[in-house]
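Report on one structure; see the data block that follows.
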Amino acid sequence: MKIPDYIADLKRYKPGKPIEELEREYGISGSIKLASNENPIGPSPKALDAIMSALKNLHRYPDGSNYHLTKRLAEKLKVSVNRIVLGNGSNEIIELLIRTFLREGDEVVIPEPSFLLYEIMVQAGGERPVKVALKERVLDLKGMAGGVSPRTRMIFVNNPNNPTGTIVSRDDFEEFLQQIPPEVIVVVDEAYIEFVRDSTCPTGLDYLDADKTVVTLRTFSKAYGLAGLRIGYGVMKESLADLMHRVRQPFNTNLLAQAGALAALDDDAFLEKTISTVHKGLDFLYREVEKLGLRYFPTQTNFFLIDLERDAKSVFEKMLRRGVIVRPMTAYGYPNYIRINVGLPEENQRLVEVLREVI
Ligand SMILES: *Cc1c(COP(=O)(O)O)cnc(C)c1O
């Protein structure tokens, strides 16, 4: 069998391990996970109710056109239904964008460090990632525009950026956009946009009608608390959405995900509670981490980086033994940093206590 080099060289994406697996490995129990940027308050109760009532229809295929969810999203976002493509998580939209619009050898500009999946998906398609280092933990949009060549077909802008939690400003984004040829697809991944407090943060949705090709990605996995359900979407020009609908699997979002997402979308109380829990938690954690004498980087998301000034992997191990799961940033090129996401108040408290013990 002849396997392409770019497939043979692929590295598996390493997600934060599920709690049960870690507890088994380390022989611990009652641990807390602050490693995958999940919603600390759980799923929306309205989504749970909707999923419960949808269960009895599981012998049926889902609605392949996703009629109700697409319609409600279109109303909320004030865009035409023909501009929305739903997927099995926004991760599937990333994959679909690459499969629909790119071919082997095309170049894709990717910030580094950023979401590791961009590079994996690009490599899996046989395209070439062109990585542009962040500047002071912020996307270097000038550098990224400079990385565009005649072979560039796509650029990823993660705003806010995972794992640094930083945003690019509207002014900087517009200046960047002006330099990008209209046929290059600018993918703005807004997985954490609901948590942003900085009013200078742009959204890709404002550039749908520009003479540029901007695709905005959103997800139900974070602020809407439905990471396990797997549903997200892209908003783009109709001509692009039409092609993606032809390429995608007809039932790429499942019956329960459609029902849960639709209910979560109108659960305003849940969304507000999530956002206020995250903001209060952040303000608490900033204060406490500062008291520990550690440097941290303020964020526009539900997670942030802490500089431990020592090997983060060994601190991560020690915290794990005490039942607190965080994410070491070694794979992202920050060997001394950990990334933590905001938990419930008692989880935040425990994180601080354990951090104090191990440093
Ligand atoms: C969590 C996250 C997503 C969400 O992916 P889903 O497939 O929708 O769960 C997308 N992009 C980034 C940068 C993320 O951190």
Side-chain angles (χ1 to χ4, degrees), residues 13-18 33-40 43-44 47 66 69 73 84-99 108-122 124 129 131 134 137-139 154-168 186-196 201 203-204 215-235 244 248-249 252-254 256-258 260-261 264-265 274 278 299-305 326-327 329 331-332 334 339-342:
Y13 176 73
K14 284 211 186 77
K17 288 189 189 174
K33 185 183 177 199
L34 303 171
S36 295
N37 307 339
E38 292 152 343
N39 192 317
S44 139
N66 232 317
L69 180 55
L73 270 174
I84 297 172
V85 180
L86 280 137
N88 186 41
S90 54
N91 286 351
E92 194 201 8
I93 306 295
I94 297 172
E95 191 177 25
L96 269 175
L97 281 164
I98 292 170
R99 191 139 55 92
V108 180
V109 176
I110 297 175
E112 184 179 53
S114 187
F115 194 35
L116 295 176
L117 213 69
Y118 303 143
E119 188 183 349
I120 295 178
M121 301 259 151
V122 165
K131 294 189 259 183
L134 304 193
R137 295 169 313 282
V138 180
L139 262 60
M154 192 175 281
I155 306 177
F156 282 97
V157 176
N158 190 195
N159 203 41
N161 186 52
N162 179 6
T164 54
T166 55
I167 59 155
V168 297
V186 177
V187 181
V188 187
D189 183 348
E190 300 183 348
Y192 301 95
I193 195 88
E194 294 86 356
F195 301 114
V196 172
C201 184
T203 166
V215 174
T216 305
L217 304 184
R218 300 260 177 109
T219 181
F220 287 93
S221 296
K222 308 287 160 51
Y224 289 93
L226 298 174
L229 206 53
R230 311 303 305 126
I231 187 155
Y233 57 95
V235 186
M244 284 176 69
R248 73 173 172 86
Q249 291 192 31
N252 64 332
T253 59
N254 70 72
L256 303 182
Q258 292 184 7
L265 201 52
T274 296
V278 165
T299 184
Q300 294 297 319
T301 64
N302 63 341
F303 59 82
F304 67 101
L305 296 175
V326 300
R327 193 80 160 252
M329 287 286 104
Y332 293 78
Y334 295 135
R339 190 190 69 196
I340 58 169
N341 66 258
V342 178

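Every number for a ligand or one of its atoms is a count from 1 in the order of the listing. In this text, all values refer to a predicted model and were calculated from it rather than measured experimentally.
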Give a yes or no answer on whether the side chain of [X] reaches the backbone of [Y] with a donor-acceptor pair at less than 3.5 Å.
X	Y	result
N88	E92	no
S90	T219	no
N37	F303	no

Subject >> Residue pair I94 / F156, side-chain heavy-atom distance below 4.5 Å >> reply: yes
Original post:
Are any of the side-chain heavy atoms of T299 and P160 separated by less than 4.5 Å?
Top reply: no
**OP:** Could you verify whether a donor N or O on one side chain and an acceptor N or O on the other, from N161 and S114, lie under 3.5 Å apart?
**Re:** yes
**OP:** Might you list the protein residues in contact with ligand 1, defined as having a heavy atom under 4.0 Å from one of its atoms, sorted by chain and number?
**Re:** G89, S90, N91, F115, Y118, N158, N162, D189, A191, Y192, T219, S221, K222, R230
